[in-house]
*Asks:* 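A single structure is presented below for examination.
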Amino acid sequence: MIRERLALVCLIIFVWVSMILGLLVINLYIVPLELPGVNPFVTGVLKVILSLFLSVLWLWVWRRMVVMIFWRSIKEQQSYI
Amino acid sequence: MRKAKSGKMLQEVTIFLINFVATFLATPFVSRKLRELGFVGVDVHKKEKPTIPEMGGIAMLIGLIVSVSVAMILLREGTLLLTSFLFTVLVAGIVGLADDVFVLNARVKPVLLLFAGLPILIMRTYMPHPILPFVGAARLTIVYPLIIPVAISVCANAVNMMDPFNGVMAGSNIIATTALLISALLLNRGEGIILSLILLGSLIPFFYFNRYPSKIFSGDIGSLTVGAAYGAIAILGRLEVVAVVAFIPQIMNAFYGLSTLGRLYERREVSRPISILDDGRLTANSDPSAPITLARLILAKGPLSEKDAIKVFYALSFISSVFAIITALFTMVSI
């Protein structure tokens, strides 16, 4: 049963791995970011925008994958019937 | 030292058992009363459409109140933390009760649930330094308090949205909370251990009555209470990232539904994501206007009996929980 639904397990793995990698990227590269000559407040806002962009990108990819998996499965099921 | 440790363990087990017995005894009594008062719902995924008492979550709430009170007396420490947990759960329970009796608007409910996070904020029982895998403690002094009410509301709603089949809400939350308990034991988080045991003490006996074929439904009072309690454990037990990973199936379900419809919705407002075949098996509805819930995604591959669909839910929760425990181990490592 679960073997037939491996795509869902792969989706969980994708969400888990990308979440941990995303947290790492934000903490290792975005949080320590310092722009010489730029106001620290502006740098802070830039960091938030960059992190938000990464999060939205993650959600967008995730959503695309779900929609693709769902409609492909429905089509397969209908062609089988 | 060892004697003190075993004494504390005995207290924790006692609190768990008291909750277990209180919920186990309360559930059949609450079930009878609810049927007498006419608070029943139809089990829509059964061909014969039986009526089942709803709002059984009252029994879980009773168990939680009893066990937190006993914990305050027995432990004599962390009273403020336990009080904030109790009030968070109570506020969510009251919102759930109001939703069961009056049917709240889909947009009003999450807003009301923001108040459930206030006890933790007001009593300042949180630590604004979530521990991230490979990174260690992050300093979120300003942002963290703002996130607390949102986190509690999101958790409560996510659990509320993932209650499609008999026993799925209770069963998948037992698995996720067990992952929190194991992680708290690995990371030596005393608050996480006691709060996870308290929630499990309510969930396990309720699951006995709620599992397939259900003798009682939790209602919104049950699912919102459990969701708020889970969120509170994540915050008070400092298990934020671990809790998110164990909660992936619930997050997936809520996110898919919301992203396909583009708004918050009540189940009765939208086209049903699942339909029943003549042989009693469940199948995914191919109507493009129906939300892509996790149940619909599971059934998209082919029809399943309700019992088999429930097993897939448990399997996904189990897989996420294993990853959550691995994540807990990752938080011990710093790059």
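Hydrogens, waters and symmetry mates are skipped; everything else that's a heavy atom, side chains included, is used. The shown structure was predicted, so the numbers you read here are calculated from the model rather than taken from an experiment. In what follows, every chain begins at residue 1, and chains take the letters A, B, ... in the order their sequences are listed.
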*Asks:* Got a second to check how far A:Ile12's CD1 is from B:Ser317's OG, nearest 0.5 Å?
*Replies:* 7.5 Å

*Asks:* If you measure only the distance, is there a donor-acceptor pair under 3.5 Å linking the side chains of B:Thr327 and A:Trp16?
*Replies:* yes

*Asks:* Let me confirm one number: the CD1-CG distance from B:Ile298 to A:Leu8, rounded to the nearest 0.5 Å.
*Replies:* 6.0 Å

*Asks:* For A:Phe14, is the CZ atom crowded, meaning more than 12 foreign heavy atoms sit under 6.0 Å from it?
*Replies:* yes

*Asks:* So do B:Val135 and A:Leu23 actually touch side chain to side chain, heavy atoms under 4.5 Å?
*Replies:* no

*Asks:* Should the heavy atoms of other residues, nucleotides or ligands under 6.0 Å from CZ of B:Phe318 be counted, would the total exceed 12?
*Replies:* no

*Asks:* Check whether A:Ile20 gets within reach of chain B through its side chain, its backbone, both or neither, counting any heavy atom under 4.5 Å.
*Replies:* side chain

*Asks:* With a sphere of 6.0 Å drawn around CG of B:Leu277, does it hold more than 12 non-hydrogen atoms of other residues, nucleotides or ligands?
*Replies:* yes

*Asks:* For side-chain contact (heavy atoms from CB on, under 4.5 Å), just list the numbers for A:Val31 and B:Arg139, CA-CA rounded to whole Å, side-chain angles, deciding distance to a tenth of an Å, and then say yes or no.
*Replies:* CA-CA 11 Å; A:Val31 173; B:Arg139 280 186 58 195; over 6 Å; no

*Asks:* Could you tell me if the side chain of B:Lys301 sits less than 4.5 Å from the side chain of A:Ile69, heavy atoms only?
*Replies:* no

*Asks:* Using heavy-atom distances under 4.5 Å, tell me whether B:Leu299 contacts chain A through its side chain, its backbone, both, or neither.
*Replies:* backbone

*Asks:* Please report the closest heavy-atom contact between B:Met252 and A:Leu11, naming both atoms and the distance.
*Replies:* CE-CD2, 3.6 Å

*Asks:* For residues B:Ser286 and A:Trp71, report the shortest heavy-atom separation together with the two atoms involved.
*Replies:* O-CH2, 3.7 Å

*Asks:* Is there a side-chain contact between B:Pro303 and A:Gln77 (heavy atoms, below 4.5 Å)?
*Replies:* yes

*Asks:* Shorter than 4.5 Å, heavy atoms on both sides: which option in A:Arg72, A:Met19, A:Arg63 has the most such pairs with chain B?
*Replies:* A:Arg63

*Asks:* B:Ile251 and A:Trp62: which non-hydrogen atoms are nearest, and at how many Å?
*Replies:* CG2-CH2, 3.9 Å

*Asks:* Mind checking the CD1-CZ spacing from A:Ile74 to B:Arg296? Nearest 0.5 Å is all I need.
*Replies:* 6.0 Å

*Asks:* Using a 4.5 angstrom heavy-atom cutoff, name the option from B:Ala138, B:Ala284, B:Gly302 with the most pairs to chain A.
*Replies:* B:Gly302

*Asks:* Show the nearest heavy-atom pair for residues A:Leu59 and B:Phe255, with the distance to one decimal.
*Replies:* O-CZ, 3.5 Å

*Asks:* Against chain A, label B:Ile248 side chain, backbone, both or neither, depending on which of its atoms sit under 4.5 Å from a heavy atom there.
*Replies:* side chain

*Asks:* Tell me, for B:Phe323 versus chain A, whether the close heavy atoms (under 4.5 Å) come from the side chain, the backbone, both or neither.
*Replies:* both

